[in-house]
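To keep things clear, I will list the structure first and then write my remarks on it.
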Amino acid sequence: ENAAIENKTHPAKWTKSNISTMRRQLKSMGLSYDWGRELATCDPGYYQFEQKMFLDFLGEGLAYRKESWVNWDPVENTVLANEQVIDGKGWRSGAEVEKRQLSQWFLKITAFADDLLAELPNLERWPEKVRLMQENWIGRSEGAHIYFELIGRPDRLEVYTTRHDTIFGATFCAVAANHPLARELAEENSELALFIADCNRLGTTEAAIETAEKLGFDTGVKARHPFLEDTEIPVFVANFVLMEYGTGAIFGCPAHDQRDLDFAGKYGLDVIPVVAPPEEGESGFVITDEAYVGEGIMINSDFINGMSIGDAKSKIADRLEKAGAGMRAVNFRLRDWGVSRQRYWGCPIPIIHCPDCGAVPVSQSDLPVTLPEDADLECAGNPLEHHPTWKDVDCPTCSKPARRETDTFDTFFESSWYFARFCSPHSENALDRSAIDYWMPVDQYIGGIEHAVLHLLYSRFFMRALKQCGYTDIKEPFSGLLTQGMVCHETYTDMKTGEWVFPQDLQLDDDVLTNSRTGNRVSAGRSEKMSKSKKNVVDPEAIIDAYGADTARLFMLSDSPPDRDLDWADAGIEGAWRYINRLWRMVTQPLVNFPPANSPRPGRLSPAAAKVNQAIHKTIAWVSEDLDRFHFNKAVARIRELSNLLDGLNAKDDGAPWVGRQGAETITRLIGPMMPHIAEELWRQLGYETMLADMPWPAIDETLLEDENVTIAVQVNGKLRGTVELPKDCDEESARNAALALPNVARTVGDKPVRKVIVVPDRIINVVI
RNA sequence: GCCCAGGUGGCGGAACUGGUAGACGCGCAGGCUUCAGGUGUCUGUGGGGGCAACCCCGUGGAAGUUCGAGUCUUCUCCUGGGCACCA
């Protein structure tokens with residue numbers, strides 16, 4: 001939407017033209033997509049199903065409405081995304097951003113928190129790091145709710161903690177700035193109201209909150225310690241307590257939490273150690289400026305003194321539950337997913353707000369609710385809200401004048417099920433059961449690591465929600481996941497104007513880089529993720545025009561493993577180009593004259609030819625394994641090694657022509673998936689009429705994979721002193737003798753006594769002196 | 001601030017479960033081919049020393065475990081991704 005405005009066009013037009021460009025580029029790379037299944041999520045034919053899904057979620061209690069905070073730009077009168085808030089100011093207006101509460105729609109991802117966590121270990125073909133990130137994001141913790149009586153007030157303060165064992169070290173309580181207690185007290189305390197307003201000026205991001213200076217405000221209210229009748233502790237409002245986590249209130253134990261300790265130092269609160277390190281004994285343990293967070297035994301803690309932390313936790317929980325002063329509780333860091341966006345370019349939320357009936361779902365017969373094409377995108381605020389007629393409708397229940405919901409869905413909504421729609425892209429239903437059963441889950445999903453949590457977790461939630469609504473029986477969308485890196489390129493700056501320069505506009509004369517448009521000198525900067533804003537992009541079509549799709553494909557596959565960032569450098573392209581030319585010569589002008597296609601293996605192969613033949617089969621084995629593991633760069637390296645070896649074939653050797661043909665055919669077949677166009681051409685040149693793509697993967701002669709001899713490294717005190725060639729599975733005694741007989745080993749050992757010799761069969765021999 | 005990765009020659013990267021660090025490619029240097037340039041081809045290429053055989057040092061830094069550490073452990077520095085409205 002923002003890009004369309006910037007380019008003075010309609011988002012629909014902008015989107016469609018981008019899709020066309022990308023489709024053309026993908027096709028020119030020769031990527032084998034099934035274009036018959038193409039879909040666009042901005043098409044009403046796609047998003048109509050989302051409106052139905054949302055209403056189904058609503059019926060299942062998986063969607064609900066609540067107040068939540070947004071960044072508000074008071075000058076532009078719009079909600080700002082987090083990335084549009086720069087140093088607390090609106091990115092365009094520069095105005096100080098405020099926080100506002102809006103009533104918004106939420107999807108209940110927390111209903112599946114346990115299951116989303118429990119299924120992670122079963123996602124065996126997901127990277128461990130992604131599963132870890134999701135586990136931490138869901139953040140399940142076991143703790144307790146503790147109810148603190150408030151002195152002179154009828155209500156009590158409910159706190160969530162995972163460290164109830166440290167309750168005797170509690171010296172303060174703190175509530176979030178938007179905790180009901182804080183708000184109530186602020187009504188009669190203008191200073192507190194100011195403090196709360198200050199807290200609300202902090203951004204909505206966790207990073208902003210966590211890095212801000214920790215501040216508190218003493219409300220004057222006291223809480224009674226649940227086990228110590230005479231102990232009253234102060235209640236603060238603090239900017240680091242999150243309303244969204246737990247109960248929005250904590251108790252602070254400065255001795256055993258660093259943040260609490262810093263807070264206590266700042267506000268002159270007591271520090272009572274209640275866990276002593278095992279070696280410290282029961283007395284004399286003091287906390288200075290570092291909180292003790294390790295294991296230990298309880299001290300200063302009444303009836304739990306001497307216990308371990310674990311025992312203390314369960315004892316405290318028992319006593320709390322018995323006294324009605326608290327209970328065991330499981331808490332999640334995961335929060336429900338807010339899907340309302342105050343933007344035009346998205347799927348309209350199918351709800352009608354009636355002054356009498358409240359939020360009423362749009363009737364099934366009135367779906368889909370489509371976007372008006374004539375909204376004014378440059379107006380201040382939400383374009384749908386400002387549209388003259390679109391929002392005016394009658395209430396489906398009472399028929400009185402009512403107003404459409406003018407928010408649209410977060411576009412993560414679209415990306416949470418598109419993969420399932422690919423199974424039956426033309427079906428009249430959102431998901432065709434038989435197609436889903438056949439195709440889903442996705443065997444191999446690919447996406448950037450930046451999606452590790454949000455998109456991938458939303459999709460996992462969405463499938464579960466759809467399952468609950470009867471759409472499918474599948475709850476995990478992706479059985480295999482590969483997280484790919486980003487494509488990077490050097491950046492260039494015009495040294496006079498300071499502007500970014502496109503690589504295509506560079507000119508290089510005598511090692512001096514200039515901008516061919518301005519003639520100014522250009523400085524080259526570090527390689528960064530390709531982005532239009534920094535202009536460090538290369539046009540794939542220009543590469544394809546100059547070198548062909550196969551060269552571009554080979555380069556991308558061979559330079560970096562797919563899960564790492566790829567640094568795009570023109571020099572690498574040249575290397576790939578040279579290899580393609582070399583392959584072509586290898587087949588069309590072979591060094592040894594190939595026998596005709598399908599010639600039988602000659603009866604005798606010279607030792608040299610036999611060795612190459614063995615290498616062919618080893619290469620097939622390695623490449624097969626590398627491809628299975630997505631180690632494309634290694635697969636390319638293996639194939640190149642085989643090419644180098646084939647160049648060494650001597651035409652006079654027995655069987656060399658036959659082996660040469662085997663090698664050329666094998667390379668052609670192995671490289672086929674990477675460079676399909678030239679591989680087909682080479683296949684034809686090799687004398688075959690059928691398509692290579694229809695050939696089975698080359699077979700391996702297993703008997704050729706094993707070597708008779710192995711080269712074993714010989715070390716003296718862990719330092720390499722030579723190698724010995726030994727028969728495979730050679731006995732330790734002969735290996736030891738062979739090693740000690742090496743002149744270099746004998747010299748290094750000299751007349752020192754050999755203390756021991758470590759022999760790892762077929763691997764290494766280490767002589768220890 | 002928190003969570004997750006990564007750090008290996010001039011560069012991209014290899015090194016499966018601890019066992020010959022630097023495969024393969026780029027770049028660079030020199031030779032051959034050519035009228036010349038390019039292409040092609042051969043040789044060399046982690047740093048230092050030595051005529052050589054060889055020796056010393058080397059995987060961000062520090063310490064540790066081990067016969068042996070790029071790989072394991074602890075601490076630390078730097079870079080990247082995410083932190084719920086960029087998607």
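What you see is a predicted model; the values in this text were computed from it and never measured. All heavy atoms count here, side chains included; hydrogens, waters and symmetry mates do not. Naming convention: chains lettered A, B, ... in sequence-line order (proteins, then strands); numbering from 1 in each chain.
- Comparing B:U45 with B:G7, their C1' atoms are spaced 24 Å from each other, to the whole Å.
- Judged purely by distance below 3.5 Å, without hydrogens or angles, the side chains of A:T204 and A:N82 pair a donor atom with an acceptor atom.
- Nucleotide B:C2 holds its P atom 17 Å from the CG atom of A:L132, rounded to whole Å.
- Residue contacts shown for A:L454 include a base, since a base heavy atom lies under 4.0 Å away.
- Nucleotide B:A29 has B:U43 as its partner under the Watson-Crick or G-U criteria, with both atom distances under 3.5 Å.
- Remark: the A:R460 side chain and the A:Q134 side chain contain an N/O donor-acceptor pair separated by less than 3.5 Å.
- One interatomic measurement links the two molecules: CG of A:D410 to P of B:A87, which rounds to 6 Å at whole-angstrom precision.
- If you check every strand for non-hydrogen atoms under 4.0 Å, A:I712 touches nothing.
- The pairing partner recorded for B:G22 is none, the criterion being a Watson-Crick or G-U wobble arrangement whose two distances lie under 3.5 angstrom.
- Comparing the C1' positions of B:C11 and B:C83 gives an interatomic distance of 34 Å, to the nearest angstrom.
- Residue A:R341 is classed as a base contact, given a heavy-atom separation below 4.0 Å to a base.
- Mapping A:R582 and A:V767 onto RNA chain B by nearest heavy atom places A:R582 at the nucleotide closer to the 5' end.
- Distance, A:D626 CG to B:A15 P: 8 Å, rounded to whole Å.
- Ranking B:C86, B:C85, B:A87 by closeness to the A:E83 side chain, first place goes to B:C86.
- Inspection of the A:Q614 and A:D707 side chains reveals an N or O donor paired with an N or O acceptor under 3.5 Å.
- Between the side chain of A:N136 and the base of B:C3, no donor-acceptor pair of N or O atoms lies under 3.5 Å.
- Counting any heavy atom pair closer than 4.0 Å across all strands shown, A:H451 reaches a base atom.
- Backbone-only engagement by A:N644 is indicated by non-hydrogen atom pairs under 4.0 Å involving sugar-phosphate atoms exclusively.
- With both ends at atom C1', the span from B:G19 to B:U74 equals 24 Å, rounded to whole Å.
- One N or O on the side chain of A:D336 and one on the backbone of A:I109 form a donor-acceptor pair closer than 3.5 Å.
- Using a 4.0 Å heavy-atom cutoff across all strands shown, A:S560 reaches sugar-phosphate atoms only and no base atom.
- Ring geometry, A:Y245 versus A:Y160: the interplanar angle exceeds 60°, so the pair is classed perpendicular (tilted spans 30 to 60°).
- Comparing B:G58 with B:A52, their P atoms are spaced 23 Å from each other, to the whole Å.
- As judged by a 4.0 angstrom heavy-atom cut-off over every strand, A:T205 is placed among residues touching the sugar-phosphate backbone only.
- B:G38 is unpaired under the Watson-Crick or G-U wobble criterion, no partner having all donor-acceptor distances under 3.5 Å.
- For the P atoms, the distance linking B:C16 with B:G60 amounts to 16 Å, nearest Å.
- No engagement by A:S415 is indicated, since no non-hydrogen atom pair under 4.0 Å with the nucleic acid exists.
- Considering only the side chain of A:N633, B:A14 comes nearest among B:C54, B:A14, B:A87.
- Among the atoms of the strands shown, only primed sugar atoms or phosphate atoms (P, OP1, OP2) are found under 4.0 Å from some heavy atom of A:E641.
- Of all nucleotides listed (B:A5, B:C85, B:U20), B:C85 comes nearest to the side chain of A:V79.
- Using N1 to N3 plus N6-O4 or O6-N4 for Watson-Crick, or N1-O2 and O6-N3 for G-U wobble, each under 3.5 Å, B:A5 pairs with B:U79.
- When the nearest nucleotides of RNA chain B are assigned to A:K719 and A:E574 by heavy-atom distance, the more 5′-ward of the two goes with A:E574.
- When the nucleotides B:U39, B:C24, B:A87 are ranked by their closest atom to the side chain of A:R578, B:U39 comes out on top.
- Side-chain contact between A:R582 and A:N644: present, with at least one pair of heavy atoms (C-beta onward) separated by less than 4.5 Å.
- Among the atoms of the strands shown, base atoms are found under 4.0 Å from some heavy atom of A:R343.
- Here B:A5 is the nucleotide among B:G81, B:G68, B:A5 with the atom lying nearest to any side-chain atom of A:K129.
- Spacing between B:G31 and B:G38 at atom P, rounded to whole Å, works out to 13 Å.
- The side chain of A:R640 lies closest to B:G25, out of B:A84, B:U20, B:G25.
- You'll find the ring centres of A:F409 and A:W105 outside the 6.0 Å limit.
- A:E76 places its CD atom 20 Å from the P atom of B:C85, with the value rounded to the nearest Å.
- With a glycosidic angle further than 90° from 0, B:G64 counts as anti.
- Between the CG atom of A:L554 and the C1' atom of B:G12 there is a distance of 14 Å, rounded to whole Å.
- The residue A:N744 sits close only to the backbone: its heavy atoms come under 4.0 Å of sugar-phosphate atoms, none of a base.
- With B:G19, B:A84, B:G81 as the choices, the nucleotide that has an atom nearest any side-chain atom of A:L334 turns out to be B:A84.
- For the P atoms, the distance from B:G10 to B:C3 is 35 Å, rounded to whole Å.
- Using cut-offs of 30° and 60° for the angle between ring planes, the A:W577 and A:Y547 rings count as perpendicular.
- The side-chain heavy atoms of A:K99 and A:R201, taken from C-beta on, include no pair separated by under 4.5 Å.
- Of all nucleotides listed (B:G19, B:G81, B:C83), B:C83 comes nearest to the side chain of A:A207.
- Looking at A:Q342, its side chain comes within 3.5 Å of the base of B:C85 through a donor and an acceptor atom.
- Looking at heavy-atom distances under 4.0 Å, A:Q104 makes contact with a base.
- Between B:A29 and B:G9, the distance separating the two C1' atoms is 16 Å to the nearest Å.
- Only one option out of A:Y418, A:W417, A:F413 pairs with A:Y46 in a ring-ring contact (aromatic ring centres under 6.0 Å, His included); it is A:W417.
- Base pairing of B:U71: no nucleotide in any strand meets the Watson-Crick or G-U wobble criterion (both distances under 3.5 Å).
- Proximity note for A:Y458 (side chain, C-beta onward) versus B:C24, B:A84, B:U17: the nearest is B:A84.
- Which of B:A5, B:G19, B:C85 sits closest to the side chain of A:N71 comes down to B:C85.
- Residue A:V636 is out of contact with every strand shown, counting any heavy-atom pair closer than 4.0 Å.
- The distance from atom CZ of A:F630 to atom C1' of B:C16 is 17 Å, rounded to the nearest whole Å.
- With a cut-off of 3.5 Å on both Watson-Crick or G-U wobble distances, the partner of B:C86 is given as none.
- Backbone-only engagement by A:P561 is indicated by non-hydrogen atom pairs under 4.0 Å involving sugar-phosphate atoms exclusively.
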